[in-house]
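A quick write-up on the structure given underneath.
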Amino acid sequence: VISPSGRWLAVAADKTWLWDLRRPNAASSPIIVHPDDVTSVAISLDEKWLVAGAMNGTTQMWDLTAERPSDCRYELRGHKASVFSVAIGPHSRWLVTGSKDRSVRLWDLKSLEHIELPLLSLNSEEYRFWDASSGVGTTTSLHGHDGVFISALAITNDGTRLVSTDRQGGVRLWNLETSLWRPSQLT
């Protein structure tokens, strides 16, 4: 992934690799080398965040505006299996992660003090919505991706909709502006 300005290059491989392409000899000196087996990476449009989904079920985040981004790492936990897809909304408000555990989690990046709590967790049978200030959750029935794990995620440029796809070709469109969280089935 290359950042919008062309400054950052991030690669998901056996590790998370990040290069500052403005630095001399950038190819020989990555900024961040993180040892987790990584499946996906994303850089926010404002170039504040680098996010990586990992095989161990965690999502790693780095603050690219820090003087030393490699020293400013956050870890998000909540998935029970590998995180295969990550997407950041256009205003760096939302982070969405999709996992082999068949869940999609929506994280609020503006309230880092509550970053350990997802705002929304979706799977094939239910969704769970959390009040980030209290940590209290409620569960409601949901029919989204039935029994298959999420393979890719994207947030629309206006930040109002989430698109999720699964390994069987299912595509769902979620409205992020309502509390109904009912998907439209596109395929």
Side-chain angles (χ1 to χ4, degrees), residues 1-79 81-100 103-120 149-167 171 173-174 176:
V1 174
I2 297 176
S3 67
S5 71
R7 177 179 180 183
W8 302 104
L9 169 64
V11 175
D14 58 334
K15 299 176 173 130
T16 304
W17 300 83
L18 177 71
W19 290 270
D20 182 345
L21 299 179
R22 292 184 186 168
R23 293 175 56 186
N25 302 316
S28 62
S29 58
I31 302 291
I32 295 173
V33 180
H34 189 67
D36 287 345
D37 287 333
V38 175
T39 58
S40 58
V41 294
I43 297 174
S44 61
L45 289 178
D46 64 2
E47 301 188 18
K48 178 173 175 56
W49 298 110
L50 166 65
V51 177
M55 292 293 289
N56 68 2
T58 65
T59 301
Q60 307 294 322
M61 294 177 42
W62 292 268
D63 183 346
L64 297 178
T65 64
E67 187 174 330
R68 294 178 45 100
S70 59
D71 293 340
C72 197
R73 181 171 65 96
Y74 302 88
E75 184 173 275
L76 303 176
R77 295 183 172 275
H79 287 292
S82 302
V83 176
F84 279 107
S85 53
V86 296
I88 303 170
H91 306 291
S92 296
R93 169 73 193 272
W94 304 111
L95 166 66
V96 185
T97 57
S99 171
K100 191 174 182 179
S103 71
V104 175
R105 289 180 177 254
L106 180 66
W107 309 82
D108 185 344
L109 295 180
K110 296 295 184 191
S111 58
L112 289 178
E113 67 273 10
H114 299 296
I115 205 162
E116 74 281 357
L117 293 174
L119 295 181
L120 176 72
F149 72 88
I150 308 303
S151 58
L153 298 165
I155 298 176
T156 57
N157 287 339
D158 64 4
T160 63
R161 299 193 185 273
L162 163 68
V163 178
S164 57
T165 64
D166 62 47
R167 290 287 186 185
V171 179
L173 182 64
W174 306 86
L176 298 178

For the atom pair [atom1] ([X]) and [atom2] ([Y]), what is the distance rounded to the nearest 0.5 Å?
{"X": "W49", "Y": "L109", "atom1": "CH2", "atom2": "CG", "answer": "6.5 Å"}
{"X": "K15", "Y": "D37", "atom1": "NZ", "atom2": "CG", "answer": "9.5 Å"}
{"X": "T156", "Y": "L173", "atom1": "OG1", "atom2": "CG", "answer": "8.0 Å"}
{"X": "N56", "Y": "R77", "atom1": "CG", "atom2": "CZ", "answer": "7.0 Å"}

Mind checking whether [X] and [Y] have side chains closer than 4.5 Å, heavy atoms only?
{"X": "K48", "Y": "D63", "value": "yes"}
{"X": "W62", "Y": "L18", "value": "no"}
{"X": "W8", "Y": "L50", "value": "no"}
{"X": "I88", "Y": "L45", "value": "no"}
{"X": "M61", "Y": "S44", "value": "no"}

How close do [X] and [Y] get, heavy atom to heavy atom, and via which atoms?
{"X": "E47", "Y": "G6", "result": "OE2-N, 4.5 Å"}
{"X": "S3", "Y": "I43", "result": "CB-CG2, 3.9 Å"}
{"X": "I155", "Y": "A87", "result": "CD1-O, 4.2 Å"}
{"X": "H79", "Y": "G57", "result": "CB-O, 3.5 Å"}
{"X": "A81", "Y": "S99", "result": "O-OG, 3.1 Å"}
{"X": "S85", "Y": "A152", "result": "CB-CA, 3.7 Å"}

Test side chain to side chain contact (heavy atoms under 4.5 Å, CB included) on D20 and R7 and set out the steps. CA-CA 6 Å; D20 182 345; R7 177 179 180 183; 2.9 Å; yes
Would you tell me whether T97 and W107 have side-chain atoms, one donor and one acceptor, within less than 3.5 Å of each other?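 There is such a pair (donor and acceptor under 3.5 Å, judged by atom type) between the side chains of T97 and W107.
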T39 side chain vs M55 backbone, donor-acceptor pair below 3.5 Å: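 No, because the side chain of T39 does not come within donor-acceptor range (under 3.5 Å) of the backbone of M55.
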Is a side-chain donor or acceptor of T59 paired with a backbone partner of A52 at a separation under 3.5 angstrom?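 Such a contact is absent between T59 side chain and A52 backbone.
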Would you tabulate the side-chain donor-acceptor contacts of residues 23-31 under 3.5 Å, counting partners in other chains and residues two or more places apart, or write 'none'?
unit_1, atom_1, unit_2, atom_2, d
S28, OG, N25, O, 3.0
S29, OG, N25, O, 3.3

side-chain hydrogen bond (donor to acceptor under 3.5 Å, both in side chains) partners for S70, two or more places apart: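 So S70 forms no side-chain hydrogen bond (donor to acceptor under 3.5 Å, both in side chains) with any residue.
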Excluding sequence neighbours, so at least two apart, what forms ring pair (Phe, Tyr, Trp, His ring centres under 6.0 Å) with W17?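 With sequence neighbours excluded, W17 shows a ring pair (Phe, Tyr, Trp, His ring centres under 6.0 Å) to W19, given in chain and number order.
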